[in-house]
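A note on names: the letters A, B, ... follow the listed sequences, proteins ahead of strands, and every chain is numbered from 1.
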2 protein chains.
Amino acid sequence: MSSDLTARARIRDAAIELFAERGIDGATIRDIAQQADVSSGLLRHHFGSKEGLRDACDEWALNELTKISGQFTEFNTLDGLTPRVQLLQRYLIRSTMDGSPTGAAMFDRMLIFGHQWLATTNLKIADPEAFVAVLAVMKMSLFTMRDLLSRALGSDVTEPATWARMLQATLDLFSQPLITEEQALQAQAALDRLIAGEEAS
Amino acid sequence: MSSDLTARARIRDAAIELFAERGIDGATIRDIAQQADVSSGLLRHHFGSKEGLRDACDEWALNELTKISGQFTEFNTLDGLTPRVQLLQRYLIRSTMDGSPTGAAMFDRMLIFGHQWLATTNLKIADPEAFVAVLAVMKMSLFTMRDLLSRALGSDVTEPATWARMLQATLDLFSQPLITEEQALQAQAALDRLIAGEEAS
DNA sequence: CCCTCGACTACACACGCGTGTAGTAACCTA
DNA sequence: TAGGTTACTACACGCGTGTGTAGTCGAGGG
């Protein structure tokens, strides 16, 4: 993000930062231009419109991310430790939630990788679609709710050390059952009852 | 949400629906007033400002939710099945992510309940704060990423049947380890290496 | 009957937004 | 050196926003 870059690149970097921070609608053209140290007209000159800028950011972030680590979409990955990679992921997920088609495509890719991963295990899942989707969404939540997590942990999760704490937590979460077998059976029975009641009505 | 309510109540209901749907900034005073079938001035008359309306919605949603089910903040709960409860939860979480203090308080309560739950188990967690925070955030993600989930499942998660599929998935997720012991040890070693490398630098 | 007060509306204001336009400086090519 | 394309800026426009203000309607109490 240093200033010896092209103006176009500076605008792109500033946009990714502010879009990730405040959301697509929350970040204004003028703020982005100011952060990039250019006029707002130049932004328009290079990217045509705010939508054009967002598209360019989507494409660039996705390319950059796959370039850095092809494992981005896999589960239990330990990358994303560097602030830069974290920012790119955070931007892309934010853009996804604000209705970007590129983001939706990324999510679909995460689902595909999820299914591939599931196939390598010998887990018996009755509803793989739901299982993989829930897992993908939960992984994304570590980025979308960054502020809440930072507040709860008392330190910004952008800090590699804090991020490592979260990775440790997810590892704990995925490496052991959280509820006992009896609890699971009990919950399953309750759920079955609910589903049956729903179908009956 | 029928129209035989007080105008004030109709405004509140409309606000919760539109705030949850489009976010706090995304929903305009005029849209809310129109949905409630009143003038935008009446909204101001009753709630003072948009911020006042949001505060009123926060408080009302939290009260209503704790009234309906005191288990709201617990883990692995099977409630939230009715569209009404789901809407209230979705609104509150949305408001939380848009910086509401009431929402932050709710999140803190979720953390407390999380720690209480953790104490009843005999799980050995090195970093309970991080573990509980990650768990809370992941649970919330089922609401924040509703659109993505609906798209992946091919049906709106507000449908009780679809919601039940997600509950089933979370039950599957929490009742068994997702990775083998060897994989866990391997990941742990990699994580330890990363942490050590971080401290060294 | 009148007076008051709360529910409710219509309308105007200031502001910030994305966008459009005109113009300037720099640089490359012939 | 002349001409044209590109990088870049300053500034104005229209629109939607939250907010402010004046006024209407109707019920309740002296």
Please report, rounded to the nearest Å, how far the P atom of D:dG18 is from the CG atom of B:Asp31.
-> 9 Å
Contact nearer the 5' end of DNA chain C, comparing B:Ser40 with B:Ala7 | B:Ala7
Per A:Ser49 side chain, nearest of listed nucleotides C:dT19, C:dC8, D:dA7 = C:dT19
Quick one: which of D:dG18, D:dC8, C:dC8 gets closest to the side chain of B:Thr28?
-> D:dG18
Can a donor-acceptor pair be found between the side chains of B:Asp192 and B:Gln188 at a distance below 3.5 Å?
-> yes
Taking atom P of D:dA7 as reference, at what distance in whole Å does atom CD1 of A:Ile11 sit?
-> 11 Å
Which listed nucleotide (D:dA7, C:dG18, D:dT17) is nearest to the side chain of A:Ile29?
-> C:dG18
Between C:dT9, C:dG18, D:dC8, which one does the side chain of B:Leu42 approach most closely?
-> C:dT9
Does B:Asp108 pair with A:Arg151 as a salt bridge, N-O distance under 4.0 Å?
-> yes
Check the distance between C:dG6's P and B:Leu43's CG and give it to me in whole angstrom.
-> 19 Å
Salt-bridge present (A:Asp31, A:Arg22; N to O < 4.0 Å) = yes
B:Ile32 CD1 to D:dT19 P, straight-line distance once rounded to whole Å | 11 Å
Output the single nucleotide from C:dC8, C:dT19, D:dG18 whose closest atom is nearest the side chain of A:Lys50.
-> C:dT19
Consider the side chain of A:Arg30, meaning its heavy atoms from C-beta on, and name the nucleotide among C:dC8, D:dA12, C:dA12 that approaches it most closely.
-> D:dA12
Could you state the atom-to-atom distance from CD1 of A:Ile24 to P of C:dC17 in whole Å?
-> 15 Å
Among the candidates C:dT9, D:dC8, C:dA7, find the nucleotide nearest to the side-chain atoms of A:His45.
-> D:dC8
Before giving the answer on side-chain contact (heavy atoms from CB on, under 4.5 Å), spell out for B:Leu135 and A:Leu178 the whole-Å C-alpha distance, their side-chain angles and the decisive distance to 0.1 Å.
-> CA-CA 11 Å; B:Leu135 220 45; A:Leu178 262 48; 4.0 Å; yes
Whole-Å distance, B:Asp37 CG to C:dA7 C1', equals 15 Å
A:Asp156/A:Arg146 ion pair, N-O < 4.0 Å | yes
A:Val38 side-chain proximity, nearest of D:dT9, C:dC8, D:dA7 = D:dT9
Round to the nearest Å and state the distance from A:Gln34 atom CD to C:dC17 atom C1'.
-> 15 Å
Please state whether the phosphate of C:dC8, meaning OP1 or OP2, lies under 4.0 angstrom from any side-chain nitrogen or oxygen of B:His46.
-> yes
CG of B:Asp25 versus C1' of C:dG16: gap in Å, rounded?
-> 13 Å
